[in-house]
Amino acid sequence: MIGGGLAGIAAAETAARQGRQPVIFERASVLGGRAASLPEPVRKVWIDNGQHLLLGCCTEMLALNRRLGLDRFFQQTDTLPFYNVQNQCWNLSASRLLPVSLQFLPALLTMPFLPFSERLKTGYLLQKLVKEDFFRANLPAKTVADWLRQHWVPQKTRDSFWDPLILSALSETADHTAAAALQKVVRDVFFAGRGGMTLHLPIVPLREIYHDAVLNPLTKLGISFRFFKRLRRLHWEKKNSAVEITAVEFSDGSTEQFDDYVFAVPAFALWKVLNDSGLSDTAERLGLNRFEPGSISTVHLWLDRPLLNGRKCGVLLGGDGQFLCCCKESDHYYTVVVSASHRILPDAEMTASGSRMLVERILEQLRAVFGCSPLRAVHARVTVRFDAVFSPGISVFANRERFDVPVGRLFSNAGIAGDWVLPDYPATLESAVRSGNLAGKDRF
Ligand SMILES: Cc1cc2nc3c(=O)[nH]c(=O)nc-3n(C[C@H](O)[C@H](O)[C@H](O)COP(=O)(O)OP(=O)(O)OC[C@H]3O[C@@H](n4cnc5c(N)ncnc54)[C@H](O)[C@@H]3O)c2cc1C
């Protein structure tokens with residue numbers, strides 16, 4: 001197993017439960033991959049590289065958490081408050097009395113930010129979106145912006161509902177998001193069943209969950225770990241016109257041989273390894289160059305007063321940040337997620353001065369939303385991941401079949417896993433775990 005993110009953990013766990021003894025090779029010193037924490041030297045605490053939310057529709061990820069005893073690190077809430085700069089608050093929650101297809105309609109009809117006709121239309125469009133066939137042959141693929149324009153959605157409705165939804169769920173703007181990607185999110189969150197929108201928020205740093213707390217249960221399953229092992233090259237030979245991996249070579253010069261392999265690394269990392277191994281035709285067949293990174297920045301704020309009135313989180317409207325989370329109430333420690341942060345600051349400008357500017361803009365937004373001026377940050381820090389997700393554009397979501405190889409059989413004795421692998425899914429913990437489960441099952 002190469003890669004110790006959630007995809008690699010899931011693949012190893014599945015394989016181990018089938019009686020195998022997988023070894024995870026990870027280039028970093030910890031498991032968890034992008035679900036990571038870093039030290040905050042001023043406050044002397046671990047902070048996450050970004051707020052990681054799980055929704056009730058992330059069924060395989062939640063099941064993995066339960067199997068590994070990690071569900072104790074999460075707090076649940078069924079209501080998601082939205083706040084706008086006019087100081088209005090709206091609670092999005094599901095009705096338990098209505099059928100699943102209508103469960104969000106009562107909440108939508110009470111949304112104060114929009115006229116009643118727009119609320120009704122939003123409910124109707126959500127239903128329509130999930131029934132569209134975006135994969136019909138001979139039709140050009142649509143972006144979400146195309147689809148919203150086609151349905152005459154006014155800018156105010158986009159600002160109050162659609163754009164925050166697209167940014168929070170897919171970390172991309174409507175112009176660069178395939179309509180099929182948003183359809184998948186809306187179907188899973190709003191229509192697939194009850195509890196799809198239940199939020200599961202981590203209550204300790206991610207490192208304590210996906211590294212410290214998983215080592216023991218995974219070890220008990222017979223899984224072992226090698227850290228600081230970066231895969232550099234594959235050794236291979238052709239057998240009956242199929243490629244068979246004969247060994248994996250690491251950047252420290254060591255090589256290892258196994259019967260089976262799963263490469264659970266991000267698309268760009270696999271692209272590099274395949275090219276360096278003389279397998280660029282495979283990288284091309286997988287279309288790895290179609291995956292473009294999408295950035296997420298997180299503004300960490302230690303404020304001079306509490307916000308949110310005891311609530312854990314909320315969606316912010318009308319500014320740069322989309323999601324506010326209370327990480328430690330007693331310290332007034334909050335995070336604000338800025339999805340697709342390249343739209344605000346080009347990557348090259350994410351420097352100290354860029355960070356300061358972002359902190360100021362977010363504080364301004366919080367002052368407007370919560371009507372508290374002056375609101376001061378006792379301490380602030382910005383974390384940026386340029387490659388947090390892949391951009392869910394139409395080049396990736398144009399076809400239902402993303403690859404012409406089954407997940408488990410990239411080569412005769414090797415499979416792939418990762419949040420980019422499953423054709424219908426955007427980059428999430430759920431897609432990472434699902435692909436890992438499949439690769440672990442298929443491969444072993
Ligand atoms: C700031 C931020 C916020 C996010 N928010 C959410 C959220 O709220 N909800 C959600 O569902 N998802 C969220 N995500 C996305 C989620 O973190 C990823 O989709 C998921 O963690 C991907 O898991 P993975 O195992 O596929 O890849 P990774 O986590 O990237 O794991 C791959 C592993 O492979 C290792 N590796 C890479 N190259 C090599 C090599 N050559 N040799 C050996 N090892 C290698 C890496 O070190 C890494 O540990 C967020 C991501 C970020 C960065």
Side-chain angles (χ1 to χ4, degrees), residues 53 55 80 82-85 90 92 104 108 111 113-115 118-136 139-191 197 290-297 315-323 336-347 361 365 386 388-399 419-420 424-428 431:
L53 289 181
L55 293 176
L80 183 58
F82 282 55
Y83 300 92
N84 77 353
V85 286
W90 167 61
L92 177 60
F104 288 98
L108 280 173
M111 191 199 293
F113 323 128
L114 293 176
E118 276 303 308
R119 301 176 204 166
L120 258 183
K121 185 172 161 187
T122 303
Y124 162 74
L125 284 182
L126 284 170
Q127 302 256 359
K128 183 160 193 297
L129 178 66
V130 295
K131 291 185 191 135
E132 298 273 15
D133 182 1
F134 291 116
F135 299 101
R136 225 175 323 150
L139 277 185
K142 269 198 184 85
T143 64
V144 175
D146 294 335
W147 189 83
L148 293 174
R149 265 193 300 272
Q150 185 193 331
H151 293 89
W152 303 97
V153 175
Q155 192 58 45
K156 190 161 189 313
T157 311
R158 282 187 57 165
D159 293 343
S160 302
F161 185 76
W162 293 98
D163 287 349
L165 174 69
I166 299 156
L167 278 166
S168 320
L170 294 158
S171 295
E172 191 46 284
T173 57
D175 290 318
H176 295 104
T177 300
L182 182 64
Q183 181 185 49
K184 172 73 182 153
V185 170
V186 168
R187 190 175 278 155
D188 286 358
V189 175
F190 295 107
F191 295 104
M197 207 207 67
R290 279 179 301 162
F291 290 89
E292 289 177 28
S295 56
I296 300 180
S297 297
V315 174
L316 299 172
L317 303 176
D320 296 327
Q322 287 78 50
F323 198 80
V336 177
V337 177
V338 183
S339 298
S341 45
H342 48 267
R343 86 208 132 87
I344 300 159
L345 288 175
D347 293 353
R361 285 166 66 148
Q365 184 183 0
F386 301 120
V389 292
F390 64 81
S391 176
I394 49 182
S395 63
V396 174
F397 272 86
N399 310 308
D419 62 355
W420 54 278
D424 284 356
Y425 280 80
T428 58
S431 58

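The two atoms that bring Ile296 and Ser171 nearest to each other are CD1-OG, 3.3 Å, heavy atoms only. The shortest non-hydrogen separation linking Gln155 to Asp163 is NE2-OD2, 4.1 Å. For the pair Gln365 and Leu317, the tightest heavy-atom approach, listed with the atom from each and the gap, is NE2-O, 3.8 Å. The nearest pair of heavy atoms linking Val130 to Arg187 is O-NH2, 2.6 Å. Among all heavy-atom pairs drawn from Phe291 and Val396, the shortest one is CE2-CG1, 3.8 Å. Of all the heavy atoms in Ala145 and Asp175, the pair that sits closest is CB-OD1, 3.2 Å.
In this structure, CG on Asp188 lies 9.0 Å from CG on Asp424, to the nearest 0.5 angstrom. Interatomic distance, Ile166 CD1 to Thr173 OG1, rounded to the nearest 0.5 Å: 8.5 Å. The distance from atom NZ of Lys184 to atom CG of Leu129, rounded to the nearest 0.5 Å, is 12.5 Å. Between the NE2 atom of His151 and the CG atom of Leu125 there is a distance of 6.0 Å, given to the nearest 0.5 Å. Note: Phe397 CZ to Phe135 CZ = 7.5 Å, rounded to the nearest 0.5 Å. Atom CD in Gln183 sits 11.0 Å away from atom CZ in Phe191 (nearest 0.5 Å).
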**Message:** What verdict does the side-chain contact (heavy atoms from CB on, under 4.5 Å) test give for Leu108 and Leu126, after you've listed the backbone C-alpha separation in whole Å, the side-chain angles of each residue and the deciding distance to 0.1 Å?
**Reply:** CA-CA 11 Å; Leu108 280 173; Leu126 284 170; 3.7 Å; yes

**Item:** Stepwise side chain to side chain donor-acceptor pair (under 3.5 Å) check, Ser391 with Glu172
**Value:** CA-CA 6 Å; Ser391 176; Glu172 191 46 284; 2.6 Å; yes

**Request:** Check the pair Phe134 / Ile394 against side-chain contact (heavy atoms from CB on, under 4.5 Å), numbers first and verdict last.
**Result:** CA-CA 11 Å; Phe134 291 116; Ile394 49 182; over 6 Å; no

**Item:** Trp420/Phe390 under ring-ring contact (aromatic ring centres under 6.0 Å, His included): CA gap, chis, key distance, verdict
**Value:** CA-CA 7 Å; Trp420 54 278; Phe390 64 81; 8.3 Å; no

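A search for salt bridge (Lys or Arg N to Asp or Glu O under 4.0 Å) contacts involving Lys128 returns Glu132, not counting sequence neighbours.
Counting heavy atoms from C-beta outward, Trp162 and Thr122 have side chains that approach closer than 4.5 Å. Annotation: side chain of Leu53 is not in contact with side chain of Val337 (no heavy-atom distance under 4.5 Å). Between Leu148 and Lys142 there is no side-chain heavy-atom pair separated by less than 4.5 Å. Between Leu182 and Trp147, every side-chain heavy-atom pair lies at or beyond the 4.5 Å cut-off. Between Tyr425 and Asp419, every side-chain heavy-atom pair lies at or beyond the 4.5 Å cut-off.
Side chain of Thr177 to main chain of Pro392: no donor-acceptor pair is present (N/O by atom type, distance under 3.5 Å, no hydrogens or angles). No donor-acceptor pair under 3.5 Å is formed between the side chain of Arg158 and the backbone N or O of Val153. Side-chain N or O atoms of Lys156 include none that pairs as donor or acceptor with a backbone N or O of Pro115 at under 3.5 Å. Side chain of Glu292 to main chain of Arg290: no donor-acceptor pair is present (N/O by atom type, distance under 3.5 Å, no hydrogens or angles).
Using cut-offs of 30° and 60° on the angle between ring planes, the pair Phe161 and Phe82 is parallel.
Applying the salt bridge (charged side-chain N to carboxylate O under 4.0 Å, His left out) test to every pair with at least one member in residues 143-154, sequence neighbours left out, gives these pairs: Asp146-Arg149.
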